[in-house]
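Order of appearance sets the numbers: ligands from 1, and atoms from 1 within every ligand.
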Amino acid sequence: MEDAIRKSDVLIEALPYIKSYANKVFVIKYGGSALVDPEIKKGVLQDIVFMSYVGIRPILVHGGGPFINEELEKIGGRIEFKDGLRVTSRETMEVVDRVLSEVNHKIAEDIRKLGGRAVSLNTIKKDVIKTKPHGESKNLGFVGEVYRIEYDRIRKAVRPRSVPVISSVGLGADNEHYNINADEVSSEIAVAMKAVKLVLLTDVKGIMREMKDGDTLIPTLNIKETEGLIAGGVIHGGMIPKVKACTKALAGGVLKTHIIDARIPHSLLLEIFTDKGIGTEIK
Ligand SMILES: Nc1ncnc2c1ncn2[C@@H]1O[C@H](COP(=O)(O)OP(=O)(O)O)[C@@H](O)[C@H]1O
Ligand SMILES: [Mg+2]
C-alpha cells in the first residue's frame with residue numbers, strides 16, 4: 001500500500017511536466033561508452049519510449065565512438081582526436097559510415113522491442129545533414145560541420161509517437177560523406193526543429209571541477225563561465241563540443257540544455273519529470 005501511494009506521488013509530481021511538454025520536441029544525444037553497456041542502453045531507450053507515449057516528441061541523435069574505435073583497431077586503422085574531434089581519413093570514414101549505420105538500426109530495433117516506434121534516418125541516404133568541411137582545422141580530414149539540417153525530411157518521416165533516430169554523418173557539396181561530432185549535430189537539429197530541450201547523455205556526472213579532495217560536479221553554468229573554464233583547461237577534450245553544442249542551441253532559441261549521466265538509471269526521466277535536476281545545466 002505504502003509503495004503504491006509513493007508511486008502515485010511520483011506520477012502526480014510528473015503531471016505539470018507532462019502537461020507543459022505535450023507536443024514539444026526534445027533532442028537527446030546519446031553516444032560514447034554509455035551506448036556500449038546493455039543495461040544503461042535499455043534504461044535510456046525505455047525512458048525515450050516513455051517520453052514518446054506521454055506526448056513528448058523525442059528525437060535521438062547518436063554517435064558510436066567506442067564501436068568505431070573497436071572496428072579501427074581490428075583493421076589496424078589510426079585513432080586520433082584533436083580537441084575532441086576525430087581525425088578522419090577516407091579509410092576511417094568508411095568505417096564510421098558502416099558502424100554508425102549498424103548502431104542506428106540496432107537502436108531503432110531496440111526501441112521497437114521496448115514497445116516504441118522508431119524510424120532510422122540518415123543512414124544509407126545521408127539526406128538529413130548537409131555538411132561543409134570543418135572550419136577549425138584543415139588537418140582533420142573528412143570532418144564536417146553542419147551547413148544545413150533538412151528538417152522537412154525529419155518532419156515527414158515522423159509519425160505520431162515515432163522516434164527519429166539520426167546518425168551523425170553529413171553529405172558535403174562534393175558528394176563526400178563527412179563525420180560530424182554528434183554533439184554538434186544534436187545542437188543544430190534542436191535549433192532546426194525548434195526543440196525546447198537539448199539533453200546530452202554521457203558517461204560522466206556532468207561538467208566537473210577538479211578539487212583537492214576529488215572532483216565535484218558543477219550543477220549550473222552560464223555561457224560566459226563555460227568560456228572561462230575552456231580557456232582554463234577545466235573543460236577539455238570531448239566535453240568541449242558538448243559545451244559548444246549547448247551554448248549554440250541556447251543562442252538558437254532552445255530553452256534548456258543539460259549534460260547528464262546516462263549511467264544513473266533513468267537519468268532522463270529524473271531530469272525531465274522531477275523537480276530535482278541532475279548533471280549540469282548550461283544557461
Ligand atoms: N570538466 C570536465 N568535466 C567532465 N568531463 C570532462 C571535463 N573535461 C573533459 N572531460 C572529458 O569529456 C568526456 C566526455 O566526452 P566524450 O568522451 O566525447 O563523451 P561522449 O562519448 O558521451 O560524447 C569525459 O569522459 C571526460 O573525459
Ligand atoms: Mg564525444
Note: K205-D261 ion pair, threshold 4.0 Å (strictly below):
no
Regarding T123 and S120, is there a side-chain donor-to-acceptor distance under 3.5 Å anywhere?
no
When distances are taken from atom 24 (C) of ligand 1, the protein heavy atom at minimum range is V204 CG1, 3.8 Å
Atoms of ligand 1, numbered as shown, that sit under 4.0 Å from any heavy atom of I207:
1 (N), 3 (N)
Side-chain H-bond candidate by donor/acceptor type, H62 with K29, under 3.5 Å:
no
Is the distance between the ring centroids of F142 and Y178 under 6.0 Å?
yes
re atom 8 (N) of ligand 1, the protein heavy-atom contact at minimum distance is H236 N, 3.2 Å
Nearest-contact summary for atom 12 (O) of ligand 1 - protein heavy atom, Å:
M239 N, 3.4 Å
Counting heavy atoms only, which part of T202 comes closer than 4.0 Å to ligand 1: side chain, backbone, both or neither?
both
With a 4.0 Å cut-off, strictly under, does atom 1 (N) of ligand 1 pick up any protein heavy atom?
yes
Charged N-O contact under 4.0 Å between D37 and R263
no
Between R209 and ligand 1, which residue portion shows a heavy-atom distance shorter than 4.0 Å: side chain, backbone, both, or neither?
neither
Minimum-distance protein heavy atom relative to atom 20 (P) of ligand 1:
K242 NZ, 3.3 Å
If you measure from the Lys or Arg side-chain nitrogens to the Asp or Glu carboxylate oxygens, is any gap between E39 and K41 under 4.0 Å?
no
Test: K248 and E184 ion pair at under 4.0 Å
no
Hey, is R78 close enough to E91 for a salt bridge, meaning N to O under 4.0 Å?
no
Among all the protein's non-hydrogen atoms, which is closest to atom 21 (O) of ligand 1, and how far away is it?
G32 CA, 3.0 Å
The protein heavy atom nearest to atom 4 (C) of ligand 1 is G206 O, 3.3 Å
Any idea which protein heavy atom is nearest atom 18 (O) of ligand 1, and the distance to it?
G238 CA, 3.4 Å
Do the side chains of R148 and E188 get close enough for a salt bridge, i.e. N-O under 4.0 angstrom?
no
Looking only at heavy atoms, is any part of K29 under 4.0 Å from ligand 1, and if so is it the side chain, the backbone, or both, or is it neither?
side chain
Could you tell me whether R98 atom CZ has more than 12 heavy atoms of other residues or ligands within 6.0 Å of it?
yes
Nearest protein heavy atom to atom 3 (N) of ligand 1, by residue and atom, and its distance?
M208 N, 2.8 Å
Under 4.0 Å from a heavy atom of V234: which atoms of ligand 1 are those, numbered in the order shown and with their elements?
1 (N), 2 (C), 7 (C), 8 (N)
Are any non-hydrogen protein atoms located under 4.0 Å from atom 27 (O) of ligand 1?
no
